[in-house]
Amino acid sequence: MSDLKSQLSEAVEAAFAGLGLPAELGRVTVSDRPDLADFQSNGALAAAKRVGKNPREIAAAVAERLSGDPRLATVEIAGPGFINLKLSDAALTDRARAIAADPRLGAETVAQPRRVLVDYGGPNVAKPMHVGHLRASIIGESIKRIYRFRGDAVKGDAHFGDWGYQMGLLIGAVMDEHPAIAAAVERLNAGIEPPGAAGAAAFNTVTLADLDRLYPEAAAKGKADTDYRDRARRITAALQDRKPGYHALWQRFRDVTQVALERDFHALGVDFDLWKGESDVEDLIDPMVAELDAKGLLVDDQGARIIRVVRDGDKKELPPLLVVSSEGSAMYGTTDLATILDRKREFAPNLVIYCVDQRQADHFEIVFRAAYLAGYALEGELNHVGFGTMNGTDGKPFKTREGGVLKLNDMIEMTRAKARERLHEAGLGENLTPEDFEDIAGKVAVAALKFADLQNFRGTSYVFDLDRFTSFEGKTGPYLLYQAVRIKSVLRRAAAEGFGAEGAAAGPITVAEPAERELTLTLDAFETALAEAYDRYAPNALAEHAYRLSQAFSKFYAGCPILQAEPQVRASRLALAGATLAQLERALDLLGIAVPERM
RNA sequence: GCGCCCUUAGCUCAACCGGAUAGAGCACUCGCCUUCUAAGCGAGCGGUUGCAGGUUCGAGUCCUGCAGGGCGCGCCA
């Protein structure tokens with residue numbers, strides 16, 4: 001059974017078609033004027049324009065055809081020709097019951113499931129994640145969940161930046177600092193020592209903190225000192241040839257980084273199906289370049305080999321994709337192109353979503369065009385879902401008080417500390433075990449961070465204000481958790497008092513009170529919010545829905561006693577509360593937010 | 001220089017193919033806990049949607065110009 005908006009659209013579209021007008025004009029939307037109607041159709045206005053008739057006459061004719069529909073309490077013409085629809089309590093009762101009985105809580109699946117791959121834009125090996133990675137993780141995770149819930153087959157790929165010159169630099173820097181490691185690397189490279197065993201023990205002393213400290217130094221030195229740079233390049237080339245010592249040390253870099261990344265991602269409730277990286281497509285690059293050449297796409301230009309991607313009608317001339325540099329090495333975009341080819345072979349995705357900073361828009365446009373030219377994807381299958389930057393309260397990219405980049409792990413810990421503090425202040429979670437309390441504080445912190453991000457449309461930059469996010473009042477993640485937990489509390493109590501137990505709690509819903517009407521209409525809007533979030537890659541539509549649902553429930557909670565009501569009413573309200581909880585938890589889950597049992 | 005994005009209430013942000021009276025939260029004022037979790041609910045205050053034109057029955061939304069802010073523009077990733 002579809003949502004009310006779709007049901008009504010169908011009816012009004014049929015009415016338009018019956019009058020010889022285009023059916024699609026009958027599209028129904030939630031009313032802008034809840035004081036006047038539940039739903040509205042603006043089609044008469046558009047129809048009037050097309051056929052040159054008075055919109056109110058058309059609206060009246062449509063209304064005439066709708067009269068007698070038992071789902072509609074009233075059909076009214078208002079203003080210049082709006083058709084206002086008010087639903088009968090019976091229709092709302094039916095819909096509320098359907099949602100309560102539906103495992104999907106009123107949400108539909110897509111007609112044509114696709115194979116979708118979400119690329120989170122790749123943290124780099126050797127660098128801990130910082131706040132800049134927060135949005136990609138949060139938005140990417142939500143999009144992944146939304147697409148999966150709609151029925152697509154979705155894989156998320158963390159996609160490491162784990163290859164290239166930077167790795168050569170780091171290997172050299174670590175060897176300079178640790179003679180024991182340098183010696184072990186040389187022994188492995190020379191084949192004196194077989195891979196594994198002793199060498200690995202020396203490598204185990206390398207930590208992510210070391211790499212994080214050494215990388216900027218090495219990068220600076222590589223710029224200033226040509227000998228140093230040349231050595232790093234030689235190491236890079238040898239690494240790419242799988243020289244055992246370098247490769248083993250590189251593997252250690254990758255491992256320590258992944259452990260740290262997994263810790264941060266886990267704390268955020270983010271996970272991946274794939275931990276692929278740039279290194280995984282290294283072997284594809286040479287054959288790919290040969291193939292591109294054979295297809296006649298490569299052009300020699302200023303010593304480099306490029307693919308031109310300009311098209312007629314471009315407002316500006318996009319630079320070409322630089323496939324092979326004048327020094328013969330593969331570039332950033334080359335790796336991206338090889339990754340597209342790899343994914344085509346491995347998964348044949350119908351859609352690849354790159355959840356990456358908006359600033360890379362031109363880069364992706366260039367790579368995508370090259371991929372289309374090469375036949376590695378069909379036009380439109382590659383999609384850059386860009387997002388704005390997260391700024392500090394000064395409007396500039398977020399920095400710590402000392403002016404440095406805030407590590408993601410530190411940010412999460414700061415938010416957790418604030419959550420603990422607030423829980424204590426509110427006197428919540430007092431008689432809990434320390435483990436449960438920590439679990440709740442973690443969930444509150446994640447909810448605060450994620451909801452603060454996802455309530456904004458991804459494309460715009462927003463101000464990160466820890467004090468505001470952690471104030472936990474109003475339109476915040478913790479508010480949503482609080483509402484969900486409050487419902488759980490009522491349901492628990494009902495069960496404890498004997499009239500909530502399974503069957504009894506699921507008493508048939510009857511919608512009567514205004515707050516019950518509003519709550520049901522809000523529950524019904526889940527499908528619309530989900531569809532919008534899906535179509536526009538816009539989790540904020542779902543965040544908004546979750547918030548409205550919480551508010552509608554809170555109103556219902558304040559105005560309609562549940563446990564004190566007459567048995568029949570009580571059963572109805574318990575079922576309505578249960579459906580609300582289920583949908584709210586689902587919506588939050590799609591945002592990547594988990595709800596504790598109590599708080 | 002060229003191109004992209006942004007500018008909405010004091011602050012932070014919404015607004016579904018162009019629709020009625022542009023919505024939330026915070027802040028501020030007031031009311032509501034002997035009843036299911038008051039991190040709550042209700043009411044109030046707050047707007048020339050940066051500016052100037054245009055298209056339209058109708059524009060925050062589309063078009064043109066201007067101002068302010070951010071970002072990107074071939075051998076880093």
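Just so you know, these numbers come straight off a predicted model, no measurement behind them. We use all heavy atoms of the structure for the numbers below, so side chains are in, but hydrogens, waters and symmetry mates are not. Reminder, nothing fancy here: chain letters follow the sequence lines and each chain counts from 1.
Separating the C1' atom of B:C57 from that of B:C5 is a span of 33 Å, rounded to the nearest Å. Remark: the separation of the P atoms in B:G65 and B:G74 is 25 Å, to the nearest Å. One C1' atom belongs to B:C33, the other to B:G40, and the distance between them is 10 Å to the nearest Å. Comparing B:G25 with B:A14, their C1' atoms sit 10 Å apart, to the nearest whole Å. Comparing B:A77 with B:C62, their P atoms are spaced 37 Å from each other, to the whole Å. The gap from the P atom of B:A59 to that of B:C73 amounts to 39 Å, rounded to the nearest Å. Nucleotides B:C6 and B:A15 have their P atoms positioned 11 Å apart, rounded to a whole Å. Of the P atoms belonging to B:G23 and B:A43, the separation is 14 Å, rounded to the nearest Å.
Taking 4.0 angstrom as the limit, A:Gln455 places none of its side-chain polar atoms (N or O) nearer than this to OP1 or OP2 of B:U12. Phosphate contact (OP1/OP2 of B:C41, side-chain N/O of A:Tyr479, threshold under 4.0 Å): present. Remark: A:Tyr332 is not in phosphate contact with B:A77, judged by side-chain N or O atoms under 4.0 Å from OP1 or OP2. Taking 4.0 angstrom as the limit, A:Arg493 places a side-chain polar atom (N or O) nearer than this to OP1 or OP2 of B:U37.
In this structure B:C36 sits in no base pair that meets the Watson-Crick or G-U test at under 3.5 Å. Using Watson-Crick or G-U wobble geometry with both donor-acceptor distances under 3.5 Å, B:C51 finds its partner in B:G65. If you check B:A9 for Watson-Crick or wobble pairing at under 3.5 angstrom, you find it has no partner at all. Here B:A20 sits opposite no nucleotide as a Watson-Crick or G-U wobble pair (both hydrogen-bonding atom distances under 3.5 Å). Base pairing annotation: B:C75 forms no Watson-Crick or G-U wobble pair, as no partner gives both donor-acceptor distances under 3.5 Å. Nucleotide B:G42 forms a pair with B:C30, judged by Watson-Crick or G-U wobble geometry with both contacts under 3.5 Å.
No side-chain heavy atom of A:Tyr482 sits less than 4.5 Å from a side-chain heavy atom of A:Phe472.
Side-chain atoms of A:Glu544 and base atoms of B:A15 include no donor and acceptor less than 3.5 Å apart. Residue-to-nucleotide contacts include a donor-acceptor pair under 3.5 Å from the side chain of A:Asn84 to the base of B:A20.
Here the nucleotide nearest the side chain of A:Ser31, chosen from B:A20, B:C41, B:C13, is B:A20.
Across the protein-nucleic acid pair, A:Phe469 atom CZ and B:G25 atom C1' stand 12 Å apart, rounded to whole Å. Spacing between atom CG of A:Asn456 and atom C1' of B:C13 amounts to 6 Å, rounded to whole angstrom units. When rounded to the nearest whole Å, the span between CD of A:Glu24 and P of B:G18 equals 14 Å. Counting to the nearest Å, the P atom of B:C17 and the CG atom of A:Leu45 are 15 Å from each other. Atom-to-atom, CG of A:Asn42 to C1' of B:A59 comes out at 15 Å; the value is rounded to the nearest Å. Note: CG (A:Leu36) to P (B:A20) measures 12 Å, nearest angstrom.
With a glycosidic angle no further than 90° from 0, B:C17 counts as syn.
Under the stacking criterion of a centre-to-centre distance below 5.5 angstrom and an interplanar angle below 30°, A:Phe457 is not stacked against the six-membered ring of B:A14.
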Verdict with supporting geometry, A:Tyr547 and A:Tyr479, ring pair (Phe, Tyr, Trp, His ring centres under 6.0 Å):
CA-CA 9 Å; A:Tyr547 181 68; A:Tyr479 166 87; 5.5 Å; yes
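Ion pairing between A:Glu516 and A:Arg573 holds under the 4.0 Å rule for side-chain N and carboxylate O.
For the pair A:Asp157 (side chain) and A:Lys276 (backbone), a donor-acceptor distance under 3.5 Å is present.
Counting all heavy atoms, side chain and backbone alike, A:Leu337 lies closest to A:Val367 at CD1-O, 4.1 Å.
In this structure, A:Tyr354 and A:Phe364 have tilted ring planes: the angle between them lies in the 30° to 60° band.
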